[in-house]
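Working notes, structure below.
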Amino acid sequence: MIYTLIHIAVMVILAPLFLSLIKAIKMWLLFKKPLPLLQGYNDLAKLLRKEVIISQEASQITRIAPYLVLAPLLTALLFMPPVTKGEWYIGFVDAFTLTGLLALSTFFLMLIGLDSASAFGGIGSSREAFISALVEPGMILVIFALSLIAKNLGIAEAAIHLNTHFPTHHLASYTFAAIAFFILILAENGRIPIDNPETHLELTMVHEAMVLDLSGWYLALVEAASAIKYMIFATLFVSFFSPFGIGAPFLIALAIYLAKIAFLSLIIALIEVNTAKLRLFKVPNLLGIAIIFAFLSLISYYMLGA
Amino acid sequence: MTNLFIGLFLSTLITALLTTRLYRLFLWYGLNSIFLGLAALEQYKLLDDKALLISALLTLLLKGLLLPYLFKLFALKFHTERNIPPKIRLQYAILLIPAILVFTFYLINPILHLPGKNYISLSIASLFLSLVLIIEHKAIFAKVIGFLMMENALFLLGMTATEGMPMLIELGIFFDLLMAVVVINLLFEVEHA
Amino acid sequence: MLEYLFLPLSLIFVLSFFDVQKSKKYLPIISSLVLVPTFMLLFTPDRHYWHDRLMIDDLNKFVLLVCAIVGIAVTLALESLRHHVKISPRHYRRFYRFFALFWIGMILSVTANSMGIFWVGLELATLSTVYMIKTNTTPFAHKEAWNYMIVGTIAISLILFGIILIYASAKPSLGEEAMLFTALKSHISRIHSAYLFEIGFAFVAVGSFIKMGFFPMNLWLANIERAAYYPVAALFSGLLESAIVTGLFRFSSLAKELNQSHLIGFTYIYALLTLFVVAFLIYRVKDFMRLFSLSGIEHMVLMLIFWVSGGYFAALLHFAAHAFLKPALFISTGVLESRGKYHIAGALKGYKGFKGRLFQILVALFMLAIISLPPSPMFFSELFGFSAMIDLAKGSHHLLLMLFGILTILILLSIIFYKFVDVYQTMRYEGEERSKRVYASEVGALVLLALATLALLGSFDFIEKIGG
Amino acid sequence: MFTFDPFALLFLFFLLLGVLPNLFYAYGYLDHIQRKWHFWIHYVAFVLSMGGVVVSYTPLSFLFFWEIMSLSSWQLILTDPKEESTQKAARFYFFMTHFGFVFLLLFFLLVSNGSLTLSFDKLHAIAQNFAYPSLLFFLLILGFLSKAGVVPLHVWLPYAHPAAPSAVSALMSGVMLKIALYGFMRMLLEVLYPWPLEWGILILVLGALSSLIGVLYALAEHDIKALLANHSIENIGIILLGIGMGMIFLALKLPMLATFAFLAALYHIFNHMSFKSLLFLSAGSVLHQTHTKNIERYGGLIKSMPLTAWSFLLAALSISALPPTNGFLSEWMIFQSLLGSSSIANMALKISLPFAVFALALTGGLAIACFVKAFGITFLGLHRSANAKHATEVNAFMRTGMLLMGAVVVGLMLFAPWFLRRFDAALASFGLPSISQKILFSWSIHSLTHNGGVVSPLFLLAMLIFFSAGLVLLAKRLRIRKRIFHTWACGYRTTPRTQYSATGFAGPIRRFFEWLYRPDVHFHKKTLAGHTTKFSTALYDVHIRPLFERSLYDGTKKLLNRLSYFIYRFAHFEQNRYAAIIFNLTLSVLFGYRIVAHQFSWATFALEAIILAFTIKILVIGEKR
C-alpha cells in the first residue's frame, strides 16, 4: 500500500520533469542550448505566484472546469499498474473506465475553450473534439486487445500478468498493439505530428488554443494535468510493453520504471525532431493507422490461436 | 322448333349488331323479342307450364310490339339522330362475333353433355353480343336497345336452362323493365326540359 | 311485423305528391317511424314470410337496423339540402318519391330469401337512384345519370344472369326451392353441376363488384357520387352498397360451401387488384367526394375479404361501422365543400358557435375513425378481420403467398391511411379561416350517426352472435 | 387481459420516473401553449396509453393501446400546428408509426393464430410451431424498431420529436421509444425464444449502425431538439447492442452472460430516459425563453439561466458516458458484455465483435464532441442574438420539473445496485438466471467474467470530489487572487460574431465524414473588385438531411408518385367505354374460372392472355385518332 502511494506521488511529482526532458532533448538535438530539466517546475511555480485573470465573458465554467480537468487524471493515477509485483494496488479498473476518466478531463478542457468567447478557444476545442473522438475507439480497442493477451480486463492485473506470462505466442498482436498505442500517446498528449506544444502560431495549435484565456492558478492546473496525462500514458505503455523488472525490490523497480519512461521520452523527442506537424485533416490518417493496428492486434490474437 | 327460333333469335341479334340505322335497330329488337316469345311458346308446349305461357305472351306483346313502338315514338318526340354508325370496324366485328360464340361453347364445354346446356352457351353468347351492341354505339337509344337485348338473353337463359323461372320473379322482372322505361322517359324529358 | 316496415315509406311516397315544403318537417319523424318495426323485429325470432320468399334472420335484422338508422340520418340531413344547393320544389318532391321507392327496394332485397326477390329489390333501388342522381341539373350529373343507368343495369343484369345459372344448377335436385337461399344453403351438397353454379357465382360477383365500384370500375362510382348531391352519395354508401354486400355475403357463403379455394382465390386476387388501384387513386385525390367514395370502395373490399376468410364478426362490424361513418362524412361534405370542390385546405376551420364546434369535432373524429384508429369500431373490425385472414392463411397450402397478399393489403391500406392523415391535417391546419354555416339538421344527423357508431362498440356480443 | 408481472411493474415504475417530473414541467410550460385543453387531453391519453401498453397481456389490448399511443402523440406534435414543418413532421411521424403498426399487427396475428384475446404466455407454443420463425422476427424488427427509430427506419424521428412541445419531446424521446423496446424485449423473451445466433448478430449490427449514424447526424445538427432526437437514435443503438449481446449469449447457451447484457440494456433504457428527458426539458426551457430552436442563436445562457445550464451539463455528462454518471455505468456494462465475447467459441462472431466495440467507443467519442458543442455553444460565450440576451430563468414549475429529473439522473447513478437488483428480478420472471448475487457487491458492479472489471460509481465520485476538494483547498491555502478583466484573445476584440459557431465547431468532423453526410452547402459571398479572397459579406450554410432519406424515403415517394400517376392515367378510361370494360372483365373472369376450375394448362392461360389483349385493344383502347 505504502509503495503504491509512493508510486503515485512519484508520478505526480515527476510528471513535469519528463515533459521538460523531451523538450531538452529536442533542443539539444537541434543544437540549441537545452533548457534545465526543472524548467517545468519553474513554470508552475511562476504560475502559482501570479494573479488569476478571468475573462469578462467567462462564466462559472472557467472557475470550475480546471479542477475537473485535473481531478479525473489524478483519479486515473490510482489505477495505474504497480511498479513492483506483490504490492497492493487497484487492479480491477478496465479500459473503459480509464478512457472515460481521460474523456471527462478532455470534456471540461474543451468547455474552457468555448467559455471565453474567443475564436481561438473555439478552434482548439473543435479540433480537440475531432481528434479525441477518433482516439477513443483506438484506445479502447488497444486496451481490449491487451487485456485479451493478458487474459484480464483489469489494467493493472493485465500488466502484472504480462510480466509473468510474456505473450510469446502472440507476439504479432502484441507488436500491433504497441504500435497503435504509441500513436495514441502522440495524439492524446498533443505531440508532433498531431499537435505542436511549442507552437506560437495560433492557427496550428490545438491544446494550447483552448487554454489561451487561462492564467495563473488555473493555467497551472491545466498544465499539470497535461503533464500527468503524459505520465499516465507513459506508465501504461511501459508497463504493458516492457513488463520487465517489476519483480525487483521496490526502489530498483522504481528506478527501472523511471528509466523506461525516460527512454520513451527520448523516442518521442526523436520522432518530434524528425517529423513535421501534420495538417489537421491528415491527422485521421495517422489515427486510422492506430485503429487499424488495434483491430489487427485483436484479430490476429483470435486467428493465431486463442 | 325451339332450335329454329333460337337460331333466328341469335341471327336477329347479330344483324342488329351490324345495323347503322336507328329505326332498323328497333325493328330487329322487335323481331328478336318475337322469336324469343315464339321459342318460349314452344317450350310451353313442351313443358306445359302456365307461367311460361304468360311470360311468352307478355314478351310477344310487350317487348315484341309495344316497346319498339314506344321507342320509335320517343325517338320522334325527341328528334333523335337516326344514323348510328357502329364504332367497331366491320373487319373486327366479323372476327369478334364468331369468337364470342366459340368462347361460350368452350366455357360451357365441361357440362355440355347435360341436356339443353348448349342453350346456356347461346344465351351467354347473346349476353356478350348485346354488350358489344352497347359498346359499339354512342347513341343512348342504341345503348338502351342493347340493354333490352341483354334482358332478352336473360329471358332465354331462364327459359331454356331452368325450364322456366318462378312466375313471381318473371313478373318482377317485367315490372322493373317498365320502371326502367319510365325512368328513361324521365331522363329524356329532363334533358329536353 | 315485416309489413309495417313499408308503411312509413309508403307514407313518404304518398306525401311526396303533395307540397313537401310544408310537410318536410314531418318527414324525418315519419322516417324514424321505421325504427319501431325494426326494433320489434329485432326481438322476434327468425321468421319466414310469403312462402319463404322473404325472411327475417339475425343478419337481416342487423342490416335493417343499420339501414334504418342511416336512412333516418339522411332524411334529417335532407332537410338542409336546400341551403347548400339550388333545387326546385318539384325536383325536391320527386327526390323524396324516389327516395321512398329506393328504400322500399332496399328493404325488399335485404329481407329477401328468394334470390329473385333480392334481385327485384335491387333493381328497384338502382333505378330509383338514377333519378336521384338526376336531381342535380348540371350536364355532368346528366351524363353520369345515364352512365349509371347503363352500367347499373348491365351490372344488375349480370347479377340476374348469375342467379339464373345458380338456379339452373340447383333446380334438377331442388326444384322451385332452388331459388331460396336457405334451401340452397342446406342442400348445397346436392347440387349436380358445381361448375355451373360457380359460373353463376362468377356472374353474380362480377355484377356486384361493378355495382360496388371494384376494379376496373372504380372511377365510375366515384364520378357518380361526385355528380350527385351529397345525400345521394350518403345513401349509396350507407344503403345501396349495404344491400349488395349483404347479398354478396349470402352468395359467397354458398360458394364457400361448394369450393372454398376457388372462392378465396377469386376474391383475394380481385380484392388485391382493386385495393392496389384504389389506394393509388386515393393517393392522388383532390376533393372530398372522391376521397370518400374511393375509400368506400376500399372498405367494401375489406368487408368482402373478411367475410370470405371467415371473419363474419369482423365483416359485419366493419359493415356497420362503415355504414355509419361514410354517410356521416358524405353528409358533412355539403358543408365542407361549401367553399368549392377543391378547397380541402382549411375546410375544417372557421366554425363558430356550438353547432359549428360540434360539427368540427364530429367530422374530425369521423375522419380519424374511418382510418380505423382506436377506439373506432373499425379498428376492432380490421383487427379481427385480418386475424381471420391469417387464420385462413395458416390453414392453406400457400402460406407464404397468402401472407404476402395480406402484407400487400396492409401496406396499401397504409397508403390510404397516409392520404387521410394528410387530408385531415390539411383541412384542419392549413388554408385560411373562412366562416361557414352549419345547420341543425346536419349536425343532428351527424350526432345520430356518431351515437350509432358508439353503440356499435357496446354491441360486440350481439354482432358476434349473428356471425356465429 | 392485463398483467402486473415484475417486468411490467418495472416499466410502470419507469413510466412513473419519466412522467412525474415531466408533469411539473408541462404545467409550467403551459402558458406557451394555445390549445390547452387539446394538449392536456392528449397528454393524459398519451401517458395512460403508454401505461396500457406496458400492462397489456393480450395482443388485442396491446395493439389498442399502441395505436392510442401513436394517435395521441401525433396530436401532441400538432399542439402548435402553425408551421409547415410541424405539419410535415406530424404527417411523416404518423405514417411511420402506422407503417410499423402494420408489421406489428401481422406479427401478433401470426403468433396468436388469429385469436387476439389469447394471453401472451400462450403465444409461445404457436410461435414455435410456425414454419418460418425468421419471418416473425423480421416482423418484430420492423414493427417495434421502426417505432424505436433504428436505422434505417429512423428518418422520421429527428423531424417528429422536435416538433412537439418540449415536455412532449421529452416523453416521446425518453419514454415512448423505450416502450417500443419494452414490447420488443417482451415479445422476444416471452414468445420467440429460443432463437438462432444470427438474430442476435442482426440486432447487434443494427445497434452498431444506429449508434454511429445517430451520433454523426446529431453532430451536424443545428436545431437543438433535432440534435437531441438524433442522440435518441444513437442511444437506442447502444441499448440494442446490449439486447443483441444478450440474444447472442442466450443462443450460445450462456444464460448468465445473457442476463448481464440484458441488465445492461435495461439499465441503459432507464438511464437514457432520465438524461434524455432532462436534456429535452432544459433545451425546452432555453427554447421557451429564446423562442428559437437554432443553436447558433443562443450563447451565454449559463449566466441568465444557471439552473437550466447546470441540469443540461449534468445530462450532457451522463449521455456522453463520462464517469461516474449513470450513462457511463450502463455503457460500461454493455462494454463488459461485449468483452464477454472472449468466452465465445464461434470464430466468425468473435472476430466481428471488435467492430461493435469500435462502434460503441467511436460513438462515445463523438457524443462527447457533440455535447461539448451543444453545451458550449448554447450556454457559454456571449449571447449570439437578441433572443438569447433577453432570456431569463424559467418559472418555478419548470425548474421543479428539471430538478426532479436531475434527481432521477443522480438517483440512477447513486443507487445503481438497487436498480440492477430490480432489473434482475424482472428478468428472472422470463426464466433468466439471477446474477445480482454475482455482480453486485455493496456499492460496486462487477463484470461477470472472473477476470473482468469492476466499477463503483461511489468510489469514482468520491475520488473526484476528494481530488477537486483538495485542489480547491490548496487554492484557498495559496490565496489565489482573481481579477475579472479582458483577456488577451490574440489581440482581437471578442464580440458575439468572433465566437466559434456550432457549424464551425462540428466542421472538422463534418469534413471527415463528408462522404456520408453529402451536405447541401450554400456559400454566398459578395466579393470585392473581383478578388476571390476579399469579400464584404459571406453566408455559409450547410444542410444535412438524414441518411437514407434521399434513397429510401424520397425514392419511395417518387416511386409512389409515379406509380399513382400511371394508375391514375390507366384508370381514367374514356367514360363511354364502361361497357367495354365490363365486357372484358366478364370475359376474363369467366375465362379464369374455366381454366382454374376445370382444367388448368399454361397453354390455355397464354391463349386467354392473348385474346384478352386483343379484346382490350379493340374495345377499350380503340384506335388512335
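Letters A, B, ... mirror the listed sequences (proteins, then strands); counts begin at 1.
- Atom CD of C:E433 sits in a crowded spot, with more than 12 heavy atoms from other residues, nucleotides or ligands closer than 6.0 Å.
- Of the atoms belonging to D:F65, not a single heavy atom falls under 4.5 Å from chain C.
- Contact annotation for D:F92: neither backbone nor side-chain heavy atoms come within less than 4.5 Å of a heavy atom of chain C.
- Interatomic distance, C:I210 CD1 to D:L585 CG, rounded to the nearest 0.5 Å: 5.5 Å.
- Heavy atoms of C:F386 lying under 4.5 Å from chain D belong to its backbone as well as its side chain.
- At a 4.5 Å heavy-atom cutoff, the contact between C:L399 and chain D is made by side-chain atoms alone.
- Annotation: the span from D:S115 atom OG to C:I390 atom CD1 amounts to 12.0 Å, rounded to 0.5 Å.
- Using a 4.5 Å cut-off between heavy atoms, C:I150 makes no contact with chain D at all.
- Interface remark: C:F266 contributes side-chain atoms only to the contact with chain D (heavy atom separation under 4.5 Å).
- The contact between D:L560 and chain C is made by backbone and side chain atoms together, counting heavy-atom distances below 4.5 Å.
- Environment of CZ in C:R357: sparse, with no more than 12 heavy atoms of neighbouring residues, nucleotides or ligands closer than 6.0 Å.
- Residues of residues 53-64 of chain D that come within less than 4.5 angstrom of chain C, heavy atom to heavy atom, are D:L60, D:L63, D:F64 in numerical order.
- Only the side chain of D:L71 has a heavy atom closer than 4.5 Å to any heavy atom of chain C.
- Atoms CD1 and CG, on C:I406 and D:L110 in that order, are 8.0 Å from each other to the nearest 0.5 Å.
- Atom CG of residue D:L118 and atom OG of residue C:S387 lie 11.5 Å apart, to the nearest 0.5 angstrom.
- With contacts defined as side-chain heavy-atom distances shorter than 4.5 Å, the pair D:Y93/C:V421 does not qualify.
- Of all the heavy atoms in C:S414 and D:F95, the pair that sits closest is O-CE1, 3.3 Å.
- Heavy atoms closer than 4.5 Å to chain D are found in the side chain of C:F201, but not in its backbone.
- In this structure, the portion of C:L368 lying under 4.5 Å from any heavy atom of chain D is its side chain and not its backbone.
- Atom CZ of C:F280 and atom CG of D:N561 lie 10.0 Å apart (nearest 0.5 Å).
- With chain D as partner, the option from C:I199, C:L383, C:I415, C:I154 having the largest number of non-hydrogen pairs under 4.5 angstrom is C:L383.
- Screening D:Q87, D:K82, D:E83 for a side chain to side chain contact (heavy atoms under 4.5 Å, CB included) with C:Y429, the sole residue that qualifies is D:Q87.
- Contact annotation for C:L158: only side-chain heavy atoms (C-beta onward) come within less than 4.5 Å of a heavy atom of chain D.
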Could you walk me through whether C:W220 and D:I582 pass the side-chain contact (heavy atoms from CB on, under 4.5 Å) test, one step at a time?
-> CA-CA 12 Å; C:W220 167 73; D:I582 294 174; over 6 Å; no
Would you please test D:N129 and C:K394 for side-chain contact (heavy atoms from CB on, under 4.5 Å) and show each step?
-> CA-CA 11 Å; D:N129 291 328; C:K394 275 199 162 178; over 6 Å; no
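- Ranked by heavy-atom pairs under 4.5 Å with chain C, the list D:I567, D:I68, D:T586 is led by D:I567.
- Atom CD1 of residue D:I581 and atom CE of residue C:M217 lie 5.5 Å apart, to the nearest 0.5 angstrom.
- With a threshold of 4.5 angstrom between heavy atoms, C:L410 approaches chain D through its backbone and through its side chain.
- Comparing C:L413, C:N259, C:L400 by how many heavy-atom pairs each has under 4.5 Å with chain D, the most go to C:L400.
- Salt bridge annotation for D:K88-C:E430: absent, with no cationic side-chain nitrogen under 4.0 angstrom from a carboxylate oxygen.
- If you tally non-hydrogen atom pairs under 4.5 Å between each of D:W74, D:F130, D:F566 and chain C, the highest count goes to D:W74.
- Taking the six-membered ring for Trp and the full ring otherwise, the centers of D:F94 and C:Y418 sit at least 6.0 Å from each other.
- Ranking C:P375, C:A388, C:G311 against chain D, the residue ahead of the rest is C:P375, based on heavy-atom pairs under 4.5 Å.
- Of all residues in residues 97-109 of chain D, those placing a non-hydrogen atom less than 4.5 angstrom from a non-hydrogen atom of chain C are D:H98, D:F101, D:V102, D:F103, D:L105, D:L106, D:L109.
- For NZ of C:K286, the number of neighbouring non-hydrogen atoms (other residues, nucleotides, ligands) closer than 6.0 Å is greater than 12.
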